[in-house]
Amino acid sequence: MMAIILIVAYFLAMIVIGWWAERNQERSTAGYYLAGRGLGATALFFALFGTNCSPFVLMGIPGQSYHDGLGILSLNAPIVALVIPLSFWLVGRPARSMGGRLSAISPAELYAKRLDSKAVGWTLLIAFTVFTVPYMVTGIQGCGIALTRQFDGAIDASTGAALTLAVALGYTLLGGMRATAWTNVVQGALFLAVIVLVAVALFTEFGGVRAAFERLQAERPDLTVMDRTHPRFAPRAFASYELAITLTVVCFPHMLVRLMAAKDERTLRTSCRLYPIALALLWPSAVLTGVFGALLLPGLEGRASDGIFPAMVARVLGADWSVLGTLAVLAAAMSTLDAQLLTMGSMVSRDLGTSTRAIHAERLFLCGVAAAVFGLYLVVEQLQVSIFELGQFCFSGYATLFPTIVLGLVWRRFTGAAAVASILGGVLTLMAFQWGGLPAGGWLPVAPGLLVASVLAVAVSLVTRPPAESRVREAFGS
Amino acid sequence: MRMRILAVLGFVSLLVLHFDYWRTPSTTPWWGWLPDELGWRLMWMLGALTYLWWFTSRFWKIKP
């Protein structure tokens, strides 16, 4: 009963924040999609943190650590804690100022205007859609698992997924960016607090940190090392995964749009300082939950380990408090999902339609995106794809967009033709290696994809006509 | 210019330490209980945190 009350209270709180945001927002497209380009330090930090921490971190990472041990921490946490904050400087700063100067609302629109090319906008829109919609599926997939487990199967996974999607859509429709940023403050604080609490309770159960690791060493020494002969941790696979996991975040359209909504550069810099601290709390806790889960709840095979986080919450906090795990998963999922819905809605609306439509009509596009996400979710459930695997595919795809995303913001000579060539070349190369059976010599498909995208971005820029100087001056402000 | 060189050197040093296939992981836990893999990565993250703090304090200057 307490579980139902807390989950309903959480959903209602999100809707109330959405309603409050709707009442207090600027009545314009920039007001709705970018909070009037005025997100302050607290809202921006949690918006970035919440947006980037999805069930991939709370469900996928513990699930994979359950099988592969501490190597999953080495593979993900360190490089992410360094490169993502630096991307606020490398990409966030120019994207925010350029977006303001060009009055761009969506990332695709920003690049289309900067490069004076509608083809760039369309190409980016298609690429973002191809990689964002499956990534959104991982969010509702995690919620479905968590709600099913919470209610012992009384709610099936697809109903749980639909419910979560509906609530996230509800408050996003109401208050746009302002609603998603302030719900992210609550959601980010909630899932961070719960995962740290679980880690503390876990060590308490073992009788202390030292006792916990001594037992791990005695019973599962294989989980305490990064096995460098494992295909996931072999040098080339490791290096390629690092490329994917770091460069992908820079290219998330839902992160870019948050960066564009920052009030000023100072708020970006504050987020750069706080971000690694929050990640240093989150990631080790997530990995350790999975690793110690293998000790306390052994025997989960394959994709079943995706449910280890809620199972561990119930194990270490007691069945009465297992709802906290479910709330944490819902919070992590919805904090990413809302940003993705809003960004995809803005891109579909701004880049497919006209920019003079009334706000309430633009909201219809968000509903269309949500329907597409749920449709794909049903397909993925049939195919039994794990959250980690699906996330990895999306991350590889985003990473191939990196040359266009960065060069478009920092290189004046970069051209629209180069952007289109780079995106198409990178994505097609990725697909050829992923599904076409081309040998990559131990590298993951993302590595050749990124290489081709980078070479094309530079080479095509140098052989095509430079962009008009007036547009370049307008974009760069000088 | 000096700051820029320092920023790049700091970043590259962290990358070299992260891609640590040159290192032979120890099988002896740190202080008798902390797995070497975890200890190494946590120390690295502390280093990255220090670097980012320096980066935002000294390198990332905001123009008025």
Side-chain angles (χ1 to χ4, degrees), chain A residues 69-86 88-90 93 97 208-217 221 223-228 233-236 238-239 242 246 264-277 279-281 283-284 287-288 291, chain B:
Chain A
L70 292 174
I72 294 295
L73 178 84
S74 315
L75 192 60
N76 291 279
I79 198 78
V80 161
L82 175 67
V83 177
I84 294 179
L86 286 178
F88 300 164
W89 172 80
L90 179 68
R93 241 176 3 134
S97 50
V209 177
R210 181 181 185 132
F213 281 113
E214 282 174 348
R215 189 168 153 198
L216 182 67
Q217 192 77 40
L223 296 181
T224 65
V225 293
M226 184 171 78
D227 177 6
R228 296 173 185 222
F233 303 124
R236 289 178 185 174
F238 184 90
E242 299 304 77
T246 52
D264 51 32
E265 201 175 326
R266 199 173 296 275
T267 57
L268 282 173
R269 194 172 65 175
T270 304
S271 295
C272 181
R273 278 187 186 150
L274 297 177
Y275 205 88
I277 298 171
L279 285 188
L281 286 171
W283 279 83
V287 169
L288 292 175
V291 169
Chain B
M1 189 60 186
R2 199 172 124 256
M3 288 300 225
R4 191 172 286 256
I5 292 170
L6 275 177
V8 172
L9 277 180
F11 180 71
V12 171
S13 306
L14 282 165
L15 284 187
V16 170
L17 290 172
H18 176 61
F19 292 101
D20 64 338
Y21 280 81
W22 46 267
R23 187 177 77 97
T24 307
S26 168
T27 50
T28 311
W30 294 19
W31 309 298
W33 57 272
L34 183 66
D36 175 77
E37 187 65 31
L38 183 59
W40 171 253
R41 300 301 169 183
L42 291 180
M43 286 300 292
W44 188 95
M45 285 173 80
L46 191 64
L49 204 65
T50 310
Y51 169 77
L52 284 169
W53 200 262
W54 170 83
F55 184 89
T56 51
S57 307
R58 305 295 296 275
F59 181 76
W60 187 342
K61 301 282 186 197
I62 294 172
K63 290 173 194 159

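Letters go in sequence order (proteins before strands), and every chain restarts at 1.
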**Q.** Heavy atoms of other groups near A:Arg266 CZ, more than 12 under 6.0 Å
**A.** no
**Q.** A:Ala212: side-chain contact (heavy atoms from CB on, under 4.5 Å) partners, not counting sequence neighbours
**A.** A:Phe203, A:Phe206, A:Phe292
Among [options], residue most engaged with chain B (heavy-atom pairs, under 4.5 Å):
| options | result |
| --- | --- |
| A:Leu288, A:Val83, A:Leu216, A:Leu86 | A:Leu86 |
| A:Ala239, A:Gly71, A:Ser74, A:Gly69 | A:Ser74 |
| A:Pro78, A:Ala280, A:Cys272, A:Ala77 | A:Pro78 |
| A:Leu279, A:Thr270, A:Val225, A:Leu268 | A:Leu268 |

Contacts with chain A made by [range] (heavy-atom distance under 4.5 Å), listed by residue number:
| range | value |
| --- | --- |
| residues 33-40 of chain B | B:Trp33, B:Leu34, B:Pro35, B:Glu37, B:Leu38 |
| residues 1-14 of chain B | B:Phe11, B:Leu14 |
| residues 18-25 of chain B | B:His18, B:Phe19, B:Asp20, B:Tyr21, B:Arg23, B:Pro25 |

Q) What part of B:Leu42 gets closer than 4.5 Å to chain A, counting heavy atoms only: side chain, backbone, both or neither? A)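 The side chain, not the backbone.
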Sub-4.5 Å side-chain heavy-atom contact between [X] and [Y]:
| X | Y | value |
| --- | --- | --- |
| B:Leu15 | A:Ile79 | yes |
| B:Pro29 | A:Phe213 | no |
| A:Arg210 | B:Trp31 | no |

Q) Which heavy-atom pair separates A:Leu82 from B:Tyr51 by the least distance, and what is that distance? A)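 Closest approach of A:Leu82 to B:Tyr51: CD1-CD2, 3.8 Å.
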(Q) Please find the pair of heavy atoms, one from A:Arg269 and one from B:Thr56, that lie closest to each other, and give the distance. (A)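 It is CD-O, 3.4 Å.
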Check whether [X] gets within reach of chain B through its side chain, its backbone, both or neither, counting any heavy atom under 4.5 Å.
| X | result |
| --- | --- |
| A:Leu73 | side chain |
| A:Pro221 | neither |
| A:Glu265 | both |

Q: Heavy atoms only, distances under 4.5 angstrom: which of B:Phe55, B:Trp60, B:Trp53, B:Trp44 has the most pairs with chain A? Name it, please.
A: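 Counting heavy-atom pairs under 4.5 Å, the top option is B:Trp60.
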